[in-house]
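Both counts, for ligands and for their atoms, begin at 1 and track the order of listing.
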Amino acid sequence: MTPAPRVAALIPAAGSGTRLGLGPKAFVEVAGASLLARSVAALAPHVDEVVVALPAGWTLPPGVPARVVVGGPTRQNSVRLLLEATQAEVVLVHDAARPFLPAEVVRAVLSAAQDLGAATAALPVADTLVRAGPDQAGAGQRWGEPTPREGLWAVQTPQGFRHGVLREAHARAQDDGYVATDDAGLVARLGEPVALVPGDARLFKVTAPGDLALATALAAVWDAG
Ligand code: C5P
C-alpha cells in the first residue's frame, strides 16, 4: 500500500475573478505563467502532494504537478473540499492569487504549523489605519475613526495546519454558519493558538487590475532570480 502523504499543499483556485474581469483569476497569466502555475511551482518542492480546487469545467494545463477537485461556491467551501481530498497529516493552504511565494516563508510556516498546530504568514501593518465614516448622500467616503495600528498584522497565505485541527475548525464553522475569508481565523475562533510568521511584501494578492501591472513588473525580477 502507498503510504499517505505527510504534507499536502491545498490551493483554492476556484474563484471567478470578478474584480479582475479576466475570467477565473488563477488562469490569468503574468509574464507567460498563470497565477496558479506559479503558486504550484512555489509549493511543490516542499510537499508530498499538491491539490487544487478549480471552477467546474476547468482543467489544469499540462505539466502542472497537482491533483484537481472541483471547488465550491465560496473560498471556505473550496478549502473544505480540498481538505476532504487529502489524507496528509499537515496541510498548507495557499491562495492561487498570491503567485510570488518565497521558499523561506513556506519553510517557516510549515515548521511553525508542525510545532503549534496552526500558523499563518502575516505582516505587521505599516500604514495609518482609519475606519471610513458613513457615506453622506453619495458624496464619497470620509475620514471616520482612526484605528491604532500597533499590534495589527495583515494576514497572508500560506497558512499551515495539522489536518485534524483544520478539519475540526471547518466542521464547527459549517455547523455555526460562520464564514471567514481565511482558515487561520476558523482555527482561532476555537481557542486554538495560531502562530504569526513573518510573510513578505511580494506575497500580495492579485485582486484588482492595477495589481497585474505590479505582478508583471515583479515577475521580471522574480523569474530572473
Ligand atoms: O476572491 P479572493 O481573491 O479573496 O479569493 C482567494 C482565493 O480563493 C483565490 O485563489 C480564489 O481562486 C479562491 N476561491 C475558491 N473558491 C471560491 C472563491 C475563491 O477557491 N468559490
Side-chain angles (χ1 to χ4, degrees), residues 8-30 33-44 47 49-61 64-86 88 91-102 105-106 109 120-123 153-161 166-167 169-170 173-174 177-188 199-216 218-219 222:
L10 307 180
I11 305 184
S16 55
T18 312
R19 285 168 291 185
L20 208 52
L22 296 170
K25 186 163 58 175
F27 290 89
V28 170
E29 292 195 355
V30 171
S34 67
L35 303 185
L36 177 59
R38 288 179 177 278
S39 294
V40 173
L43 284 158
V47 300
E49 68 167 357
V50 182
V51 192
V52 304
L54 297 184
W58 289 74
T59 52
L60 277 183
V64 176
R67 284 198 288 124
V68 173
V69 300
V70 176
T74 65
R75 181 191 183 280
Q76 193 163 314
N77 288 129
S78 294
V79 173
R80 193 168 48 76
L81 292 163
L82 285 164
L83 261 182
E84 287 170 6
T86 184
V91 296
L92 272 179
V93 182
H94 180 65
D95 287 339
R98 299 181 187 270
F100 303 107
L101 170 52
V105 175
V106 179
V109 170
T120 182
L123 280 180
W153 293 56
V155 175
Q156 303 180 320
T157 68
Q159 302 188 335
F161 309 93
L166 190 56
R167 200 175 46 226
H170 270 266
Q174 200 179 10
Y178 182 85
V179 179
T181 49
D182 80 327
D183 298 283
L186 301 184
V187 170
D200 195 295
R202 294 168 294 179
L203 255 177
F204 69 92
K205 186 162 70 167
V206 176
T207 305
D211 299 332
L212 270 185
L214 192 56
T216 303
L218 177 54
W222 184 272

**Message:** Quick check against the 3.5 Å criterion: does Arg38 have a side-chain atom that pairs as donor or acceptor with the backbone of Ala219?
**Reply:** no

**Message:** I want to check something: taking the side chain as every heavy atom from C-beta on, are Leu54 and Leu36 in contact at a cut-off of under 4.5 Å?
**Reply:** yes

**Request:** Can you sort out which atoms of ligand 1 are near Lys205, meaning under 4.0 Å from one of its heavy atoms?
**Result:** 2 (P), 3 (O), 4 (O)

**Prompt:** Which atoms of ligand 1 sit under 4.0 Å from any heavy atom of Ala97?
**Reply:** 10 (O)

**Request:** Look up atom CG in Leu82 and atom CG in Leu166, then write down how far apart they are to the nearest 0.5 Å.
**Result:** 10.5 Å

**Request:** Identify the protein heavy atom lying closest to atom 7 (C) of ligand 1, giving its residue, its atom name and the separation to 0.1 Å.
**Result:** Asp95 OD1, 3.4 Å

**Prompt:** Is the shortest distance from a heavy atom of Arg19 to ligand 1 less than 4.0 Å?
**Reply:** yes

**Item:** Spatial distance of atom CD (Glu84) from atom CZ (Arg167) [nearest 0.5 Å]
**Value:** 10.0 Å

**Asked** Do Val206 and ligand 1 have an N or O pair less than 3.5 Å apart?
**Response** no

**Asked** When rounded to the nearest 0.5 angstrom, what distance separates CG in Leu20 from CG in Leu212?
**Response** 4.5 Å

**Request:** Going by heavy-atom distance to atom 21 (N) of ligand 1, choose the closest among Gly72, Pro99, Ala14.
**Result:** Gly72

**Request:** Compute the minimum heavy-atom distance from Gly71 to ligand 1 and say whether it is under 4.0 Å.
**Result:** no

**Message:** Does any N or O of ligand 1 fall below 3.5 Å from an N or O anywhere on Ala53, backbone included?
**Reply:** no

**Request:** Would you check whether Ala26 reaches within less than 4.0 Å of ligand 1, judged by its heavy atoms?
**Result:** no

**Message:** Which label fits Phe100 and Phe204: parallel for a plane angle under 30°, tilted from 30 to 60°, or perpendicular past 60°?
**Reply:** tilted

**Fill in**
Near Ser78 (heavy-atom distance under 4.0 Å), the atoms of ligand 1 are 15 (C), 16 (N), 17 (C), 20 (O), 21 (N)

**Prompt:** Do any nitrogen or oxygen atoms of Thr207 lie less than 3.5 angstrom from nitrogen or oxygen atoms of ligand 1?
**Reply:** no

**Request:** For Pro73, counting its heavy atoms only, list the atoms of ligand 1 lying under 4.0 Å from any of them.
**Result:** 21 (N)

**Request:** Indicate whether atom 3 (O) of ligand 1 is within a distance of less than 4.0 angstrom of some protein heavy atom.
**Result:** yes

**Prompt:** If only atom types and distance count, is the side chain of Gln156 paired as donor or acceptor with the main-chain N or O of Asp200 below 3.5 Å?
**Reply:** yes

**Message:** My understanding is that we take every heavy atom of each candidate and find the minimum distance to atom 19 (C) of ligand 1. Doing that for Pro55, Gly17, Gly15, which one comes out nearest?
**Reply:** Gly15

**Pairwise distance NE2(His170) to CG(Asn77) - rounded to 0.5 angstrom** = 9.5 Å

**Request:** To the nearest 0.5 angstrom, please state how far the CD atom of Gln159 sits from the CG atom of Asp95.
**Result:** 8.0 Å

**Asked** Are the charged groups of Arg75 and Asp183 less than 4.0 angstrom apart, N to O?
**Response** yes

**Nearest non-hydrogen protein atom, atom 13 (C) of ligand 1** = Pro12 O, 3.5 Å

**Asked** Which heavy atom of the protein is the closest neighbour of atom 8 (O) of ligand 1, given with residue, atom name and distance?
**Response** Arg75 CG, 3.4 Å

